[in-house]
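Computed from heavy atoms alone, side chains included, the values below leave out hydrogens, waters and symmetry copies.
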Amino acid sequence: MAVEPLTDQEIRRRLEQLPGWSFADDQLFRTYVFKGHPQAAGLVAEIATIQEELDHHSDLTLGYNKVGVTVNTHSVGGKVTALDFELAGRIEEIAPQHGARAD
């Protein structure tokens, strides 16, 4: 099944289920904040594993106590698809286990 870009309306509706995530410039993004660097790095490592499982990858930015996640689907011209929401949802499931706090 081919992956299709979502409409802005579909994106807004799906974002309601992902508190903390935003949409701009054809990408979903979120920043997670942690107590320290080991927790932030741990989340990055686990995200990398999930991305390999899904064969869908985001851009990750690791700071001292922050992780930035930006995702869209390059194969459809850099637009947001259901794959992006699947990855974001999986990240949301694991972030609390690493001590993520509200940004």
Side-chain angles (χ1 to χ4, degrees):
M1 183 170 94
V3 176
E4 296 292 326
L6 299 174
T7 66
D8 286 351
Q9 182 179 4
E10 290 171 315
I11 292 168
R12 283 192 300 276
R13 184 180 52 78
R14 289 176 182 231
L15 276 174
E16 291 174 5
Q17 305 304 312
L18 289 172
W21 285 82
S22 299
F23 170 72
D25 301 323
D26 289 327
Q27 52 195 355
L28 300 179
F29 59 93
R30 175 158 187 188
T31 300
Y32 294 94
V33 180
F34 300 86
K35 181 179 179 180
H37 190 67
Q39 296 85 359
L43 180 64
V44 168
E46 196 164 350
I47 290 172
T49 299
I50 292 169
Q51 291 177 144
E52 287 298 304
E53 289 172 10
L54 296 176
D55 192 25
H56 189 62
H57 301 83
S58 64
D59 291 327
L60 301 171
T61 305
L62 174 61
Y64 168 70
N65 69 334
K66 292 183 180 180
V67 174
V69 182
T70 305
V71 64
N72 61 18
T73 304
H74 300 284
S75 63
V76 294
K79 301 294 183 181
V80 171
T81 69
L83 288 173
D84 302 309
F85 279 96
E86 182 177 359
L87 177 57
R90 294 274 305 271
I91 294 169
E92 280 299 298
E93 290 173 5
I94 63 164
Q97 299 165 19
H98 293 273
R101 304 185 308 228
D103 185 21

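Hydrophobic clustering, with ILVMFWY side chains joined whenever heavy atoms are under 4.5 angstrom apart, keeps Phe29 apart from Leu60.
No hydrogens or angles considered: nothing links the side chains of Gln39 and Tyr32 as a donor-acceptor pair under 3.5 Å. At a cut-off of 3.5 Å, with distance as the only test, no side-chain donor of Glu4 or Thr81 sits close to an acceptor on the other residue.
The side-chain heavy atoms of Val67 and Thr61, taken from C-beta on, include no pair separated by under 4.5 Å. With a 4.5 Å cut-off on side-chain heavy atoms, Phe34 and His98 count as touching. Side-chain contact between Lys79 and Leu6 is absent, with no heavy atoms from C-beta onward closer than 4.5 Å.
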I'd like to know whether Val80 forms a side-chain contact (heavy atoms from CB on, under 4.5 Å) with Asp26, so could you lay out the CA-CA distance, the side-chain angles of the two residues, the decisive distance to 0.1 Å, and finally the verdict. CA-CA 6 Å; Val80 171; Asp26 289 327; 5.5 Å; no
Start with the C-alpha gap between Leu87 and Val69, add the side-chain angles, then the distance that decides, and say whether side-chain contact (heavy atoms from CB on, under 4.5 Å) holds. CA-CA 10 Å; Leu87 177 57; Val69 182; 5.8 Å; no
I'd like to know whether Leu62 forms a side-chain contact (heavy atoms from CB on, under 4.5 Å) with His37, so could you lay out the CA-CA distance, the side-chain angles of the two residues, the decisive distance to 0.1 Å, and finally the verdict. CA-CA 9 Å; Leu62 174 61; His37 190 67; 3.8 Å; yes
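For Gly63 against Ala40, the heavy-atom pair with the smallest separation is O-CB, 4.4 Å. Contact record, Phe85 with Leu15: CE2-N, 3.8 Å, taken as the closest heavy-atom pair.
A side chain to side chain contact (heavy atoms under 4.5 Å, CB included) with Leu54 holds for exactly one of Glu52, His57, His56; it is His56. With respect to Trp21, the side chain to side chain contact (heavy atoms under 4.5 Å, CB included) criterion is satisfied by exactly one of Glu16, Arg30, Arg14: Arg30. Between Ser58 and the choices Asp84, Leu28, Asn72, Val71, the side chain to side chain contact (heavy atoms under 4.5 Å, CB included) rule is met once, by Val71.
To the nearest 0.5 angstrom, Ile11 atom CD1 is 12.0 Å from Leu18 atom CG. Distance check, rounded to the nearest 0.5 Å: CD of Gln51 to CZ of Arg90 gives 10.5 Å. For the atom pair Ile50 CD1 and Glu86 CD, the distance stands at 10.0 Å (nearest 0.5 Å).
No donor-acceptor distance shorter than 3.5 angstrom exists from the side chain of Thr73 to the backbone of Ser75, with no hydrogens or angles considered.
For CD of Glu53, the number of neighbouring non-hydrogen atoms (other residues, nucleotides, ligands) closer than 6.0 Å is greater than 12.
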